[in-house]
Amino acid sequence: MKSLANPRSMELLDALHAVVQSSPPDVAGGFSALLEPFIGHSALMILTDDCTGRPQKAAGEPSIIDDVTLVELDAVRRSLTSEPSDPWGRRAVLGGTDRPVTAWTASTGALLVLTDPELTPAGAADPEATLALVGRLWQLVATSIRQQVAAASPAHLLDTRPASAERAKLIADLTDAHSTTLESLLAVLRSPTVSAEAARQTATDLAASAMVNLRSVSDRSLAQEPVAAAFARLRDDLRPLVRFGDLDVQFVEPPADGPALPGEVAHAGRAIVRGAVLALVEQAGVSRVRVQWDCDGRNLLIQIRDDGAGVLSTDSPGVVPLTARVAALGGTLGVQATAGWGSELTVSLPLDAPSAPLAPATEWGLSPREQGVLALVASGARNKAIAADLSISENTVKFHVANLLRKVGASTRAELASLAR
């Protein structure tokens, strides 16, 4: 009887299984190793909106992955959307340098980029099949990332909240930059010493440059979801229970003009509601569940109520893991049960991330200069900004970062920043 799988296929499946089982921060390194026998590359980079705190993941040459920005990766993703074609033979500016790349997007919207790609002898045997295989593998990996984030552990949530706070600071800086642009436009247009033609040309140049930058950061950099849109996704998540089960799920919509939610709060809120609904329906006699979201400007407020026997408590098996998830976001969870009338879960999740202190540098034997570099890396600063802040060269910054990675035991810059917290 003919074998259904050859050893090479089995090795590929085993490697893929290892990648999808790894945590999101480790996906880039594992996936890079998996693809290397088919497409050689200097670096692998991932951009995913699902990991709101750390949407960028990379593995490969530090000279590339340390300097690549979200704006550059987002530009690659937008180019794939506007000019869909063969992933091979593309070029993109990454880390400030124009490079040959090959890139794919998954149905989740996640982006995969390989820099300096080169087909290996195995991959070159059938280039079209190789590219199609990588695209399908990426679809599976991207789907796995989304599923892991949807069921994020408390530890993951604790890590992403400070990261989102850092990105919020970056967005505030960008807002200031665009405010300056608008003020410059007004100054040019109001100036009595500039001719109409010169003012028009200057204003056009200023506006065009600002528009490019604004579109580059887009809503993805905000890592936020409008509360109404986040609730609509929750409704879609629970739709199978409504369509294929006997459960009547009633949804009370949040205000359409409610404030946007940080991405990790929206993800966690949906996961908490899913877990709460499952905990409620495990009780005998539950036929109806009412789900309500609201936002008071500082907290996401969740209320889930059933029509069961009213025996649920904070010690119930389905509620205990929800308590840990809520606590990781600095929120509160309460359970109120009335015998014969049903149970009600109330959750409050703060929208603002708590500050996270740096770990003691003495644990790693860092010099004062390394401590300064580490603090700036943990704040989200890039090499150029660190060099300017500390009055040293970018090469010196790279040297210190390499030493920090070795001393701390981190494999990537993102992991270094995470461990520092």
Side-chain angles (χ1 to χ4, degrees), residues 15-32 34-35 44-59 68 70-85 87 90 92 101-114 131-153 156-157 159-160 163-164 167 216-226 228-240 260-274 414:
L16 178 61
H17 179 265
V19 171
V20 299
Q21 290 296 314
S22 61
S23 63
D26 298 328
V27 165
F31 199 36
S32 175
L34 184 151
L35 297 181
L44 177 148
M45 285 159 285
I46 291 171
L47 178 64
T48 170
D49 298 335
D50 295 309
C51 298
T52 57
R54 303 192 184 282
Q56 179 180 331
K57 311 176 196 311
V68 69
L70 289 173
V71 171
E72 291 172 336
L73 290 174
D74 195 48
V76 175
R77 178 161 54 181
R78 288 186 288 109
S79 72
L80 291 175
T81 303
S82 60
E83 303 173 9
S85 62
R90 291 179 171 270
V101 301
T102 183
W104 295 261
T105 53
S107 62
T108 64
L111 170 73
L112 170 68
V113 179
L114 303 180
L131 297 177
L133 172 64
V134 174
R136 288 180 172 85
L137 291 174
W138 172 231
Q139 177 64 44
L140 293 171
V141 172
T143 301
S144 172
I145 292 174
R146 166 164 288 186
Q147 292 172 342
Q148 286 197 53
V149 172
S153 67
H156 173 78
L157 295 173
D159 178 58
T160 57
S164 291
R167 297 179 69 206
S216 295
V217 295
S218 68
D219 285 342
R220 297 184 182 92
S221 292
L222 295 175
Q224 291 186 331
E225 289 186 55
F231 191 78
R233 288 184 62 179
L234 169 65
R235 208 167 45 235
D236 290 341
D237 290 345
L238 295 177
R239 185 171 295 163
L261 305 176
E264 70 279 358
V265 173
H267 276 299
R270 286 191 290 268
I272 289 166
V273 172
R274 290 194 301 269

Would you check if [X] and [Y] make a side-chain contact, meaning some heavy-atom pair closer than 4.5 Å?
X	Y	value
Arg90	Val76	no
Leu112	Val134	yes
Leu35	Leu44	yes
Lys57	Met45	no
Trp104	Leu80	no

TODO: Report, as yes or no, whether the 6.0 Å neighbourhood of atom CZ on Arg136 holds more than 12 heavy atoms from other residues, nucleotides or ligands.
DONE: no
Measure across [X] and [Y] and return the closest heavy-atom pair with its distance rounded to 0.1 Å.
X	Y	value
Leu73	Ile46	CD1-O, 4.3 Å
Gln139	Ser107	NE2-OG, 2.6 Å
Ala15	Leu34	C-CD1, 3.6 Å
Leu111	Ala103	CD1-CB, 4.2 Å

Open item on the list: Could you check whether any side-chain N or O of Arg77 sits under 3.5 Å from a backbone N or O of Gly109, counting only pairs where one atom can act as donor and the other as acceptor?
Closed with: yes
Open item on the list: Has Ser32 got a side-chain atom pairing as donor or acceptor with Gly29's backbone, closer than 3.5 angstrom?
Closed with: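 No, because the side chain of Ser32 does not come within donor-acceptor range (under 3.5 Å) of the backbone of Gly29.
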Task: Pairwise distance CH2(Trp138) to CG(Leu133) - rounded to 0.5 angstrom - done: 14.5 Å
TODO: Please identify each residue that fulfils side chain to side chain contact (heavy atoms under 4.5 Å, CB included) with Glu72, with sequence neighbours left out.
DONE: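 Val68, Thr69, Val93, Leu94.
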Task: Residues that Val20 engages under side chain to side chain contact (heavy atoms under 4.5 Å, CB included), provided they are two or more places apart - done: Leu16, Val141, Ser144
Task: Contacts of type side-chain hydrogen bond (donor to acceptor under 3.5 Å, both in side chains), residue Thr105, not counting sequence neighbours - done: none
